[in-house]
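Here is the structure we will look at, set down as structure tokens.
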Number of protein chains: 2
Amino acid sequence: MPRTPESIFKTLVNRNARVTAPRREIIDCISKVPRTFTAEDVCAQLPHIGRATVYRTLKILQDANIICKVVLPNDEMAYSVSADLDQESGVSRVPAHHHHAVCTVCTAVRYFNAEAIERVIHALSGSVQGVMGEIIDHRIEVYDICPRCVVQNPEPA
Amino acid sequence: MPRTPESIFKTLVNRNARVTAPRREIIDCISKVPRTFTAEDVCAQLPHIGRATVYRTLKILQDANIICKVVLPNDEMAYSVSADLDQESGVSRVPAHHHHAVCTVCTAVRYFNAEAIERVIHALSGSVQGVMGEIIDHRIEVYDICPRCVVQNPEPA
DNA sequence: GTTGCTGCAAATCCTTTGCAAGGTT
DNA sequence: AACCTTGCAAAGGATTTGCAGCAAC
């Protein structure tokens, strides 16, 4: 289930945003690789597009849940393309609530949701000796070496 | 187990950093309340101390694990005092690996560690259909209404 | 006395905004 | 035609750095 630029364009149209040449380029650029990226990364790769346009477009994509922010191991934030989009409707298939697995080698981001985690988190309300109040939400980032990188960088025997 | 400025000073000494008047003031300032804060917050409260000194001091405190960064619900980052310090040794009692509960009302941060969560996270390696690789680390923030704020802001019946 | 710290100002980096010109529907 | 978007340049905010003077140990 690839994240295709076409399906992202559809989402834009659904949201009454115009599909312009700069937006096409930006979306192509960030769809090409599954890595995390920053606004500056995009500016560097598309130097002929104005910075303001890049920042504005990324904000739109974030509002549309096409990209979202992830926290990296070094405490910095970056974007990742969050949407495995439905080809028909152009609507994101990623549930509103999800978590990130970020590869510490290539920064590839994968999305997951684990019932077991949700259950344990909500069980904290009572357990942790009075420090935990009424739980509203939570955020989880898992840092791993993704299957592809594990193969390419085997542990030294 | 309060976070006392004195114990933080000890930690500084342990790390061969000098205990100066500006550092005392900054540490007093951030120890006073259990809320999250930014460098600018400290600058605003201690306007007679140079910005550079504030930024440099916070960096030192972060390196010493006296403060650490937390991710807020709005995707912004802020510092919180992470150390319940041992009065004798001046060494942080907070284990290297811990998680944050951030109150969405007052931003008070509490620290916790739950075996159950650790177990579930590590169990993900195999479970999530091939997307998860070798798990290295993880980060969890729980957003809640802390016990104190729950009392002060009861749910409308 | 040695070494590290402070404060200022300048520099840097990242992001947002105003506005006139041009593009999309 | 109406409205949105772009790009530039300027503004703004946050953080870092150079450096001379001062302070802690």
Side-chain angles (χ1 to χ4, degrees), chain A residues 5-6 8-30 36-64 66-72 74-80 90, chain B residues 5-6 8-30 35-64 66-72 74-80 90 107:
Chain A
E6 291 72 32
I8 295 178
F9 299 149
K10 284 185 190 168
T11 304
L12 285 184
V13 171
N14 285 349
R15 294 174 63 91
N16 300 312
R18 292 185 180 168
V19 178
T20 64
R23 286 180 184 171
R24 282 180 192 280
E25 283 195 73
I26 292 168
I27 290 168
D28 284 346
C29 173
I30 65 179
T36 63
F37 61 91
T38 63
E40 288 302 313
D41 291 338
V42 176
C43 290
Q45 285 181 62
L46 303 174
H48 55 289
I49 297 179
R51 266 190 165 58
T53 300
V54 170
Y55 279 92
R56 284 186 286 231
T57 300
L58 293 182
K59 182 156 297 176
I60 290 171
L61 295 176
Q62 188 181 4
D63 289 345
I66 292 168
I67 62 179
C68 64
K69 286 191 172 171
V70 301
V71 190
L72 304 180
N74 65 1
D75 287 344
E76 289 180 355
M77 298 276 241
Y79 286 112
S80 77
Chain B
E6 291 72 34
I8 296 177
F9 299 149
K10 284 184 190 167
T11 303
L12 286 183
V13 171
N14 286 347
R15 294 175 64 91
N16 299 316
R18 293 181 181 172
V19 178
T20 65
R23 287 182 183 170
R24 281 180 192 280
E25 282 196 75
I26 292 168
I27 290 168
D28 283 346
C29 173
I30 65 178
R35 318 264 182 87
T36 63
F37 62 90
T38 62
E40 287 303 312
D41 291 339
V42 176
C43 289
Q45 286 181 60
L46 303 174
H48 54 289
I49 297 180
R51 268 189 164 59
T53 300
V54 170
Y55 279 92
R56 283 185 287 230
T57 300
L58 293 182
K59 182 157 297 175
I60 290 170
L61 295 176
Q62 187 180 5
D63 289 345
I66 292 167
I67 63 179
C68 64
K69 286 192 172 170
V70 300
V71 189
L72 304 180
N74 65 1
D75 287 346
E76 290 181 354
M77 297 276 241
Y79 287 112
S80 77
T107 78

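Naming: A, B, ... by sequence-line order, numbering from 1 per chain. Since the model is a prediction, treat every value here as computed from it, not as a measurement.
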Checklist outcome for this item: Residue set satisfying side-chain contact (heavy atoms from CB on, under 4.5 Å) with B/Gln62, at least two apart, ordered chain then number -> A/Asp75, B/Ile67, B/Lys69, B/Tyr79
Next on the checklist: Nearest 0.5 angstrom please: A/Ile66 CD1 to A/Arg15 CZ, how far?
Outcome noted: 7.5 Å
Checklist entry - Who are the side-chain contact (heavy atoms from CB on, under 4.5 Å) partners of A/Asn16, not counting sequence neighbours? => result none
Checklist entry - How many angstroms lie between atom CG of A/Asp28 and atom CD of A/Glu6, to the nearest 0.5 angstrom? => result 7.5 Å
Checklist outcome for this item: residues 51-61 of chain A vs salt bridge (Lys or Arg N to Asp or Glu O under 4.0 Å), sequence neighbours excluded, gives A/Glu40-A/Arg51
Next on the checklist: I need the CG-C1' distance between A/Asp75 and D/dT15, as an integer number of Å.
Outcome noted: 16 Å
Checklist outcome for this item: B/S/- along nucleotides 2-11 of chain D (protein heavy atoms under 4.0 Å) is -BBSBBB---
Checklist entry - From B/Ile27 CD1 over to B/Thr11 OG1, what is the distance, rounded to the nearest 0.5 angstrom? => result 8.5 Å
Checklist outcome for this item: Residues passing the side chain to side chain donor-acceptor pair (under 3.5 Å) test with A/Asp41, sequence neighbours excluded, are A/Thr38
Checklist entry - Considering residues at least two apart in sequence or located in another chain, which fulfil the side-chain contact (heavy atoms from CB on, under 4.5 Å) criterion with A/Ile60? => result A/Leu12, A/Arg23
Next on the checklist: Restricting to non-hydrogen atoms, name the atom on B/Phe37 and the atom on B/Val42 that form the minimum distance, rounded to 0.1 Å.
Outcome noted: CD1-CG2, 3.8 Å
Item to check | Taking every non-hydrogen atom, the tightest pair across B/Ala44 and B/Pro47 | outcome: O-CD, 3.6 Å
Next on the checklist: Expressed as a whole number of angstroms, how long is the span from A/Met77:CE to D/dA14:P?
Outcome noted: 16 Å
Next on the checklist: What is the distance, to the nearest angstrom, from the OH atom on B/Tyr55 to the P atom on D/dT17?
Outcome noted: 13 Å
Next on the checklist: Could you tell me the boundaries of the chain B footprint on DNA chain C, defined by atoms under 4.0 Å from its heavy atoms?
Outcome noted: C/dT3 to C/dC8
Checklist entry - Taking for each residue the nucleotide of DNA chain D with the nearest heavy atom, is it B/Lys59 or B/Val13 whose nucleotide lies nearer the 5' end? => result B/Lys59
Checklist entry - End-to-end bend of the helix from C/dG1-D/dC25 to C/dT25-D/dA1 (five-pair axes, 10° rounding)? => result 40°
